[in-house]
Amino acid sequence: MNYFLTDEQKMIQELAEQIAREKIRPVRAQLDEAEEFPTEILKILAQSDLFGVCIPEEYGGLGGGIFENCLAVEQLARACIGVATSYAASGLGAYPILLYGSEAQKAAYLPDIAAGKRLAAFAVTESGAGSDVTAIRTTAVKDGDFYVLNGTKQWITNGGEADIYSVLAVTDKTKGPRGASFFIVEKGDPGFSFGKKEKKLGIRASATRELVFQDCRIPKDRLIAREGMGFIIAMKTFDKSRPGIGALGVGLAQGALDVAVEYARKRIQFGKPIITFQAIQHKLADMAIKTEAARALIYAAARHLDTDPPDAGKVAAMCKVFASDTAMEVTTEAVQVLGGYGYMRDYPVEKMFRDAKILQIYEGTNEIQRNIIGQELNKEYGRMKDTFF
Amino acid sequence: MKIVVCIKQVPDAKNVRIDPHTHTLVRQGVESIINPFDLFAVEAALRLKDRHGAHVTVMTMGPPQAEEALRDVLSRGVDDAVLLSDRAFAGADTWATATALAAAIRKLGDVSLVFCGKQAVDGDTAQVGPELATLLDIPYATFVKQVELEDEGHLRVVRKTDEGTEVWRLPLPALVTVLRDVGDPRLPSVKHKMRAKKATVPVWSAADVGLPEDRVGLKGSFTQVVRLFSPPKRADRWMLEGPVADQVEKLYQYLKEAKVPGL
Amino acid sequence: MKALIDLEKCTACGVCQDVCPVGAISVPETHAVVSDDCTLCGMCVDTCEFQAIRLPDVGAGVVSDAAAYRGVWAFAEWRRGTVHRVSYELLSAARRLADKKGVECAAVLLGENLSSAAEELLRYGADVVYVVDHPALKDFTDEAYSRCLVELVRDKKPEILLAGATSMGRSFIPRVAAMLQTGLTADCTDLDISEDGLLLQTRPAFGGNVMATIICPYGRPQMATVRPRVMRPEIQPRNGRIQRVALPEDVFRTRVQVLEVIPEEDTTARLSEAEVIISGGRGLQKAENFRMVEELARLFKGAVGASRSAVEEGWAPVSHQVGQTGQTVSPTLYMAIGISGAIQHIVGMQGSKIIVAVNKDPEAPIFDVATCGVVADLFEFVPAFIERVKRAG
């Protein structure tokens, strides 16, 4: 379908597609098997300017928005969402600085992130704080010109690999949701270390680790915005990043559809290519419909979100839910189309199927997303003076 | 330092066929690609640029469509491009090609270093590089796997030969033809892609580079093709029939009787 | 390099200044001066009525005295004490061409301390071996080797010059051709003489999908390179003579400095010397399946070959590539598994004694050169064949 992209958007899309095809596709199975972080590929992405997609031009970026980010992420995800997640997580880590950082913070960190010289990560989740973000226990206590952080973050994407971490910590326990704040922590800061690399079902090319803060002293100017802004920053960041998770889903679904259709055209059973059987045709048709619908939603939503609308939370959540559910469904069906071959590691759909699951879980489970949408609907309709009926 | 990289657009060789009846080449629908070795030449130039700073110009001789190849290379970070395109260039052999490239490089002026791929995959002659250097009257090194700028005026190269490797020192200006060992070609970047799209690529004709028509193209070539053909079939071949088990046995006995070593 | 002015003859008339298309000629006082802008186009040469302008080594166009060129030469490649086998192959081919034309056949040997090497060349059919023995030729450099050969050619005027398409030949022979301003055809697989006496040079063209026969009607000598093992060396001793040639010192001057020569074991030798080669191509579909080829090669104690596409896919290293861009081989048995047989591959192995082709497609061109063809699914045939060979012990 023609989504009326500008020349620049087309270039971003083409380049990400080229990298996916030439550089990621040939190594994805090996990265998955070896659970190896894609350092070389991230270097290529850096050289191609893609880390700067949504960073303003004055900081060396391309000055794009959520939509441009989605275009890049989608193409990378078509080859491997393990790699694409590592890429996207750097953008996620950058958003708190980009949205709320001081001029000095932006100047200090964004150019390196845009150039791909330093990778970023976003650290909120803890063992006791998953969907319930307010349950975080990592603390940051002011000590003169420093903050001292204590606590452990769990399942942090790019943990250990990234140089710059946006970390959420409680600065005032008494204030509840208004008592958390975001800090920039750098790899090498005293008292900051990493736990072991997690063993995962899918996206094995991405690195997931614990971040451990033991009397980690950081200068006070590492605080993003003001104390107490933590949850607001987190929510605003998710509004920007969740369409990207949707784009991961669209790319993954497209990648699975690509394999399934190509396979069905070649696989002969009962003397005919299996794509000539309606049972297979209908599966492929449904996969294609869902994938295109997800893409249409993500593209429209991303363009809408780039105008900073008041309903950002709801729309971003819709993107995340719909496209990740689509990816799960399409990859499941792709394995079915390939049958026994699909279950074997010789074909990429086995990996895609394992990879898809995380999309329904991370950056807010799909249950949480539906809560957000439901609550927003309630509020929206409550504000209406007249109802339609 | 001014560097020129010469590239060639070649048909994607896998798809070229000869029509068995007319004995003419069937090239319709065959996509063009940049000669793979030339992308290594581009990479070698860009690596020198990364390390020492340089102005890199990419050049090709070809039909107007060859501009596409130049834009591709521009999007990888090359500074500018020149397209040598003129009907008079058509039919050039390696000599006439080198003649045109040499004239264009002279026109650019003050070029310190010329990079070429070791050979083009359509012709596989590996002649244009050495011929070009000879025409420019500059020293050259072929089959180079490593290039370093030793000082302002000298290049140190490692060559691969049939017997091993050689380390040479060349005074600049010089020409180098490279192997894939110089490093994987980088992909484009978004910023370079945007620049490449907007860039104007000057098109130079034979007259623009000061060459009369009888020195370029077919007229300026020494060699000419007089016949194209598919090789003849072998008359004495034996096709093994039957199910696989029979074929296996027949082949085994055939090779045994022929006293093939190792059996 | 630019047009040369004979100061004796130049009258500073200024005609050349007006015809120069690039404005490279000025006439300050007593004679014309050519700047670096000269493109060697030769416009000025023809217009000078005093014959005061000539072009240097390059750029004059067609030789007018083609008839003055006689004889067929082969360049003998000396590599640190030994003569490369391609030299004997070329010399045998040169002998054949010379006989056909009824002219002399010569070899040119360049190097240092060349005592016995020249004698050996006489055994392969040379009427004369021209020897340039000079310390500057110890290490190969394009410039010194080209100048020597060019000087000899200018002096003796052979009509045909053959050289090996080795790393040495492919490097400096194009320079020789450019300096002599003549045509050069690389990697010929067949050489013959036409009815009107021209050298017919046949080689694969257009990515190795067709054969092309090429002529060089005006340039002299007609030059061609031939890859090792394409021609057959034949011993045919003659009462030939060895002629040592002394050249002026400036011929040996070179701008390039050879800092280091590091000999390495020739990784290609295992393939080109093998009696049995089992080769795999795209039909194997993936890297793992290439193991079948390797296993079969082990059973025959032979070498593993690969088509260009198999190498491009990364299934085999480039040193195993057979064909126009890889190596030319001529083993007793060449078995092509899953190779369709593009001409570029075929020219690299068609000299093999027995060629067995295994391919699913009965129309595959590989069957055109096979002595024995097996139309079968290689995934069924090859494992079964491996078992059969194993069973034999």
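Residue numbers start from 1 in every chain, and the chains themselves are labelled A, B, ... in the order their sequence lines are given, proteins ahead of strands.
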If you look at every heavy atom in [X] and [Y], which pair is closest and at what distance?
X	Y	answer
B:Asp137	C:Arg255	O-NH1, 2.8 Å
C:Ala186	B:Gln127	CB-OE1, 3.2 Å
C:Thr141	B:Trp168	CA-CH2, 4.2 Å

N/O donor-acceptor pair under 3.5 Å between C:Tyr218 side chain and B:Thr223 backbone = no
So which part of [X] gets closer than 4.5 Å to some heavy atom of chain C, the side chain, the backbone, both or neither?
X	result
B:Arg159	side chain
B:Gln119	side chain
B:Leu255	side chain

When heavy-atom pairs shorter than 4.5 Å are enumerated against chain C, which of [options] gives the highest number?
options	value
B:Asp93, B:Leu251, B:Val128	B:Leu251
B:Glu131, B:Lys250, B:Gln224	B:Gln224
B:Val158, B:Ile138, B:Leu132	B:Ile138

query = B:Glu150: what forms a salt bridge (charged side-chain N to carboxylate O under 4.0 Å, His left out) with it, not counting sequence neighbours?
reply = B:Arg156, B:Arg169
request  = Apply salt bridge (charged side-chain N to carboxylate O under 4.0 Å, His left out) to B:Asp86 and list each qualifying residue two or more places apart in sequence or on a separate chain.
outcome  =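 Salt bridge (charged side-chain N to carboxylate O under 4.0 Å, His left out) list for B:Asp86, sorted by chain: empty.
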Does the side chain of [X] reach to within under 4.5 Å of the side chain of [Y], using non-hydrogen atoms?
X	Y	value
B:Trp238	C:Val374	no
C:Val256	B:Tyr140	no
B:Thr161	C:Phe140	no
C:Val276	B:Val260	yes
B:Met239	C:Val375	yes
B:Trp95	C:Gln181	yes
C:Pro174	B:Thr134	no
B:Pro139	C:Glu143	yes

message = I'd like to know if B:Glu163 and C:Arg79 make a salt bridge, using a cut-off of under 4.0 Å between side-chain N and carboxylate O.
response =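 Judged by the 4.0 Å cut-off on N to carboxylate O distance, B:Glu163 and C:Arg79 do form a salt bridge.
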query = In terms of side-chain geometry, is the basic nitrogen of C:Arg203 or B:Asp124 positioned less than 4.0 Å from the acidic oxygen of its partner?
reply =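 Between B:Asp124 and C:Arg203 there is no salt bridge, as every charged N stays at least 4.0 Å from the carboxylate O atoms.
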request  = Kindly indicate, with the supporting measurements, whether the criterion salt bridge (charged side-chain N to carboxylate O under 4.0 Å, His left out) is fulfilled by C:Arg170 and B:Asp162.
outcome  = CA-CA 11 Å; C:Arg170 283 165 80 84; B:Asp162 292 346; over 6 Å; no
task = Could you tell me which portion of C:Met223 (side chain, backbone, both or neither) has an atom closer than 4.5 angstrom to a non-hydrogen atom of chain B?
result =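 Interface part for C:Met223: neither.
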Interface residue of largest heavy-atom contact number with chain B, from C:Thr182, C:Leu333, C:Ile173, under 4.5 Å =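 Highest number of heavy-atom pairs under 4.5 Å: C:Thr182.
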message = With no hydrogens and no angle check, just 3.5 Å: does a side-chain donor-acceptor pair link B:Thr142 and C:Ser171?
response =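 Yes.
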